[in-house]
Trainee: 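Could you have a look at this structure, given as structure tokens, before my questions?
Counting starts at 1 for both ligands and their atoms, following the listed order. Values below: all heavy atoms of this structure, side chains included; hydrogens, waters and symmetry mates excluded. It should be emphasised that the depicted structure is a prediction, and the values quoted were computed from it without experimental measurement.
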Amino acid sequence: MSDIIQLLPDNIANQIAAGEVIQRPASAVKELLENAVDAGASRIQLIVSEAGKSLIQVIDNGKGMSHTDARLSFERHATSKIRKIDDLFQIRTMGFRGEALASIAAVAQVEMKTKKAGEELGTYLEIENSMVVKQEACACADGTNICMKNLFFNVPARRNFLKSNSVELRHIVDEFIHVAMAFPQVFFSLTSNGQQVFHLEPGTLKSRILQVLGNTYNSKLVQVKEETDYLNIYGFVGKPDTARKTRGDQYFFVNNRYIKSAYLNHAVAGAFDDLITKDSFPSYVLFIDLDAAQIDINVHPTKQEIKFEDEKIVYAFVQSAVKHALAQFSISPSLDFSLNPEIQHLDSVQMPTDDVTRTDVERSGLFQTFTQKHQAHFIERSEHKADLKNWKDFYEPRESSSGSGFQSLLQKEEAKFFDFEKKPQQFGVDLSSNPALFQLKNTFIVVPAANGFLLVHQQLAHERVLYERFADAVQGKRIPSQQVLFPSTLSLSAADAVLLTELVNDLELIGYVIAPFGNNEFIIQGVPADSISGNETHAVELLLEQIKHFNAEVKFSRREKMIRCMARQQATKAGESLSNSEMQQLVADLFNCRTVNTTPGGTATFLEFKEDNLLRMFGK
Ligand code: ADP
Ligand code: MG
């Protein structure tokens, strides 16, 4: 009578264990998608109904299972992916714990069809409450088609814990994105309640990112790519103007596994330090690949957290890799365009990417620590920011640069960002003497300065000028409007009409007079006084389009978005020939701005070339 301990029946034990792995529909989605990837599929379709509560189906064209394996796969601790404990430290697959299918079978009604390529018949299997109800041979396609219905049908308490369909679907989409992003070479689709939500053709990582996060990121991604013996990092970070007020598009993958890591996130944020405001978050999709023995992915049942053997190294590496990438981007005005070869061969333009620097880098201490294991204590963040106030150091000949290799490379990159604080007078430009300006490649304006010259990018400079003009306009310095001779009509969709209605007042402040005409139609009656009419319909349509894409960025008010879009779209384009007086005007306007050296998005408007540095490059 006094003995009270009993062994739990299998099905209850399974249900309890399942709770660790399958907390909600999205967890099942993650496991099933990962199984399809592990099976080597090149096409994976996910179909859900009612946010996965009534149906989750994954169809893959992977290697399929034999009759016996199909049956075994639903047993707890049944896996083809590890055999002995040592294998745990060399995991190359997404799954390895052998629990997912067992857990799913404990809390849902499962049907599976699976066939190995080359076999004539496949297997059909039906499972309920962890029990095989039916198993028979069937004709089916190569690969696996698994269907789980009525999740938690037998655990009402859990079912009641599920959130609304929209919340659960959001979780499913997140898991789907994590897997789809990590395997851009695989086709993925997601259909929810009969509607296709994603259709992702195979392609490069970049094309996958654009497919998933939206084309707004096009031309806004900076590539990150560093390789060492110890670890590799690759992927993309969003340019500073894609930073957001909410933690949105931030993705870290370690050995292709999506992970959450506040620590690594901090490393990336640190690299953006001076480029974005303190309260905004950078966007990134970064992949870290390292020896599987260096990480422990077994710390959490859903495998979303991992432990690194040398966390500090990874942190320092991630941060410097992102800094490096951003530094290259910030000098990109001179690299993007096919410049005069003489300029392109200047060290200043080539650094920090030329081979010599790279070899220097590879010989440096910091780099070496990345290529050795267990060396975290060697890494010290550079504390020399103070003497790096100018990007002068960046242009300094290599021999005289302080420190060596990677370390000094990092310092130089930091130096460039500091320059953004400089005030206009400091650039030594005197426009009152009407200096001769010179347009290069219809894109750059060469402006003589007291001790060197500035290379102004006409489009980026004009964007800054217009931005400040529009910002002043909505603050009260209204831009006068002129009536157009032939008013044009805009026919919009209902949604766009609502959007435009909200913008009409602000647009009027910058000179556009737009009157509603009923039926989602508008008439443009006036344009800014100093502009030539003709492109106003296009300008307004473009504005609506851009504001819609801006949408997720809660960072800016609608008015601010409007100003930014208009400044960008109305700016004189690179490639347009400018007269001398137009150049004079643009440069004068630029130097009258409150901020002269960057666009509102943070891109440099000009580069500064100092005479003494130029001379030094010639060995003088
Ligand atoms: P794990 O993935 O951790 O091994 P699972 O319970 O997810 O455990 O799957 C058990 C086994 O079933 C896998 O090891 C694999 O051999 C097999 N399996 C599961 N899903 C598939 C699939 N879609 N295609 C082929 N084999 C699969
Ligand atoms: Mg699995």
Trainee: Under 4.0 Å, heavy atoms only, figure out whether ligand 1 is touched by the backbone of Thr79, its side chain, both or neither.
Mentor: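 The answer is both.
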Trainee: Hey, does Lys63 sit under 4.0 Å from ligand 1 if you only count heavy atoms?
Mentor: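 False for this residue.
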Trainee: Among residues two or more places apart or on two chains, list those pairs meeting salt bridge (charged side-chain N to carboxylate O under 4.0 Å, His left out) that have a residue in residues 193-212.
Mentor: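 Salt bridge (charged side-chain N to carboxylate O under 4.0 Å, His left out) check on residues 193-212 returns no pairs.
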Trainee: State yes or no: are the ring centers of Phe188 and His199 separated by less than 6.0 Å?
Mentor: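 Ring centroids of Phe188 and His199 are no less than 6.0 Å from each other.
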Trainee: Do Arg71 and Glu75 meet the salt-bridge criterion of a basic N to acidic O distance under 4.0 Å?
Mentor: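 Answer for the salt bridge query: yes.
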Trainee: Within the 4.0 Å heavy-atom shell around Ala100, which atoms of ligand 1 are there?
Mentor: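 Answer, ordered by atom number: 6 (O), 7 (O).
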Trainee: Looking at ligand 1, is there an atom of it that comes within less than 4.0 Å of some heavy atom belonging to Glu31?
Mentor: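 So Glu31 does not count as touching ligand 1.
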Trainee: Is there a side-chain contact between Thr228 and Phe317 (heavy atoms, below 4.5 Å)?
Mentor: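 Of all side-chain heavy-atom pairs linking Phe317 with Thr228, at least one is under 4.5 Å.
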Trainee: Can you check whether His178 reaches Tyr251 side chain to side chain, under 4.5 Å on heavy atoms?
Mentor: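 They are in side-chain contact.
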Trainee: Sequence neighbours left out, what passes side chain to side chain contact (heavy atoms under 4.5 Å, CB included) with Pro156? Give chain and number order.
Mentor: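 Scan of Pro156 (side chain to side chain contact (heavy atoms under 4.5 Å, CB included), adjacent residues dropped) gives none.
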Trainee: For Gly95 and ligand 1, does the shortest N/O to N/O distance drop below 3.5 Å?
Mentor: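 No, Gly95 has no N/O under 3.5 Å of an N/O on ligand 1.
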Trainee: Which option wins on minimum heavy-atom distance to atom 21 (C) of ligand 1: Met112, Glu75, Met65?
Mentor: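 Shortest heavy-atom distance from atom 21 (C) of ligand 1: Met65.
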Trainee: Looking at non-hydrogen atoms alone, which of Asn35, Val21, Asp69 comes nearest to atom 7 (O) of ligand 1?
Mentor: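 The nearest heavy atom belongs to Asn35.
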Trainee: Under 2.8 Å from the Mg ion (ligand 2) - does any N, O or S atom of Asn35 fall there?
Mentor: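 Of the N, O and S atoms in Asn35, at least one lies under 2.8 Å from the Mg ion (ligand 2), which means yes.
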Trainee: Minimum distance, heavy atoms only, to atom 10 (C) of ligand 1: which one of Ala78, Ser80, Ser103, Gly98 is it?
Mentor: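 Looking at heavy atoms only, Ala78 sits closest to atom 10 (C) of ligand 1.
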Trainee: State whether a side-chain donor-acceptor pair under 3.5 Å links Asn232 with Glu227.
Mentor: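 Judged by distance alone, the side chains do not pair up.
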Trainee: Within the 4.0 Å heavy-atom shell around Ser73, which atoms of ligand 1 are there?
Mentor: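 Once the distances to Ser73 are compared, the set is 10 (C), 12 (O).
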